*Asks:* 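Structure provided below as structure tokens; questions to follow.
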Amino acid sequence: MDKFMERAVNLALENVRDGGQPFGAVLVKDNDVFTEGVNELHRTYDVSGHAELLAIRCAQEQLQTNDLSGYTMYASGEPCPMCLTAMYFAGIERVYYCASVEDAVAAGLGKSKMIYEDLQKVKEDRTLSMVKMPLKEGMENPMELWKER
């Protein structure tokens with residue numbers, strides 16, 4: 001285990017001792033820790049308060065950019081679909097993790113596995129119902145406005 005993963009795991013351990021979930025993340029660039037995060041759901045009651053997302057938000061705010069190309073994420077647990085998607089959007093190029101989704105399920109943290117499985121289904125068969133609604137006649141289209149800019 002390298003020093004960055006060790007740090008992510010130690011953050012997770014500290015977070016459990018603080019009443020949180022066993023997730024810590026370290027965002028690295030050029031062999032240096034840039035930002036860190038732990039799951040803060042127990043503090044903020046915000047489902048997006050995951051370790052990886054908080055490390056990403058902190059880096060993007062510091063750098064004033066959405067582009068984290070060249071960065072590597074070290075996470076104590078395999079990223080959930082939300083965190084993984086954020087990493088794609090941010091351009092993070094590599095993720096290392098310690099505990100798998102299956103390890104999380106065994107520990108009583110099974111939402112990620114369920115969501116990964118649900119996302120493999122066609123929209124109509126997913127647990128979360130999604131219904132497309134057309135714009136009202138004559139209403140300005142935000143996508144068209146974006147294209148024009």
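Source: prediction; values computed, not measured. Numbers here simply count residues along the sequence, with the first being 1.
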*Asks:* With a 3.5 Å distance limit and no angle check, can you tell me whether Asn10 reaches the backbone of Glu6 through a side-chain donor-acceptor pair?
*Replies:*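 Yes, Asn10 side chain to Glu6 backbone: donor-acceptor pair under 3.5 Å.
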*Asks:* Going by ring pair (Phe, Tyr, Trp, His ring centres under 6.0 Å), name the pairs with one or both residues in residues 113-149, residues two or more places apart or in two chains.
*Replies:*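 Listed by first then second residue: nothing to list.
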*Asks:* Which residues pass the side-chain contact (heavy atoms from CB on, under 4.5 Å) test with Thr35, sequence neighbours left out?
*Replies:*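 Expected list: Leu27, Ala55, Cys58, Ala59, Gln62.
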*Asks:* Who pairs with Leu54 by side-chain contact (heavy atoms from CB on, under 4.5 Å), at least two apart in sequence or on another chain?
*Replies:*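 With sequence neighbours excluded, Leu54 shows a side-chain contact (heavy atoms from CB on, under 4.5 Å) to Glu40, Arg57, given in chain and number order.
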*Asks:* What pairs of residues pass the ring pair (Phe, Tyr, Trp, His ring centres under 6.0 Å) test when at least one of them lies in residues 31-56, not counting sequence neighbours?
*Replies:*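 Only Phe34-Tyr71 qualify under ring pair (Phe, Tyr, Trp, His ring centres under 6.0 Å).
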*Asks:* The criterion is side-chain contact (heavy atoms from CB on, under 4.5 Å); which residues satisfy it with Asp30, sequence neighbours excluded?
*Replies:*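 Asp30: no side-chain contact (heavy atoms from CB on, under 4.5 Å) contacts found.
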*Asks:* Can you list every side chain to side chain donor-acceptor pair (under 3.5 Å) pair that touches residues 83-94, not counting sequence neighbours?
*Replies:*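 Listed once each, the pairs are Arg94-Tyr96.
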*Asks:* Apply side-chain contact (heavy atoms from CB on, under 4.5 Å) to Asp125 and list each qualifying residue two or more places apart in sequence or on a separate chain.
*Replies:*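 Applying side-chain contact (heavy atoms from CB on, under 4.5 Å) to Asp125 gives Lys121, Val122.
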*Asks:* Return the set of residues passing side-chain hydrogen bond (donor to acceptor under 3.5 Å, both in side chains) with Ser129 (not counting sequence neighbours), or none when no residue passes.
*Replies:*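 Ser129 satisfies side-chain hydrogen bond (donor to acceptor under 3.5 Å, both in side chains) with no other residue.
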*Asks:* Using a 3.5 Å distance criterion without hydrogens, assess whether the side chain of Glu78 forms a donor-acceptor pair with backbone atoms of Val101.
*Replies:*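 Judged by distance alone, yes, a pair lies under 3.5 Å.
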*Asks:* Test: side chain to side chain donor-acceptor pair (under 3.5 Å). Region: residues 133-145. Which pairs qualify, not counting sequence neighbours?
*Replies:*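 Pairs touching residues 133-145 that pass the test: Glu144-Lys147.
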*Asks:* For residues 3-29, pull every pair meeting ring pair (Phe, Tyr, Trp, His ring centres under 6.0 Å), keeping only residues two or more places apart or in separate chains.
*Replies:*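 Checked against ring pair (Phe, Tyr, Trp, His ring centres under 6.0 Å) - neighbours excluded - the pairs reaching residues 3-29 are Phe4-Tyr74.
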*Asks:* Quick check: does any side chain N or O of Asn39 sit under 3.5 Å from a backbone N or O of Gln21, one acting as donor and the other as acceptor?
*Replies:*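 Checking the backbone N and O of Gln21 against the side chain of Asn39, no donor-acceptor pair under 3.5 Å is found.
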*Asks:* Under the rule for side-chain hydrogen bond (donor to acceptor under 3.5 Å, both in side chains), what residues qualify as partners of Glu14, not counting sequence neighbours?
*Replies:*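 For Glu14, no residue satisfies side-chain hydrogen bond (donor to acceptor under 3.5 Å, both in side chains) once neighbours in sequence are set aside.
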*Asks:* Which residue pairs satisfy the salt bridge (charged side-chain N to carboxylate O under 4.0 Å, His left out) criterion with at least one member in residues 102-114, sequence neighbours excluded?
*Replies:*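 Output for this query lists Lys113-Glu117.
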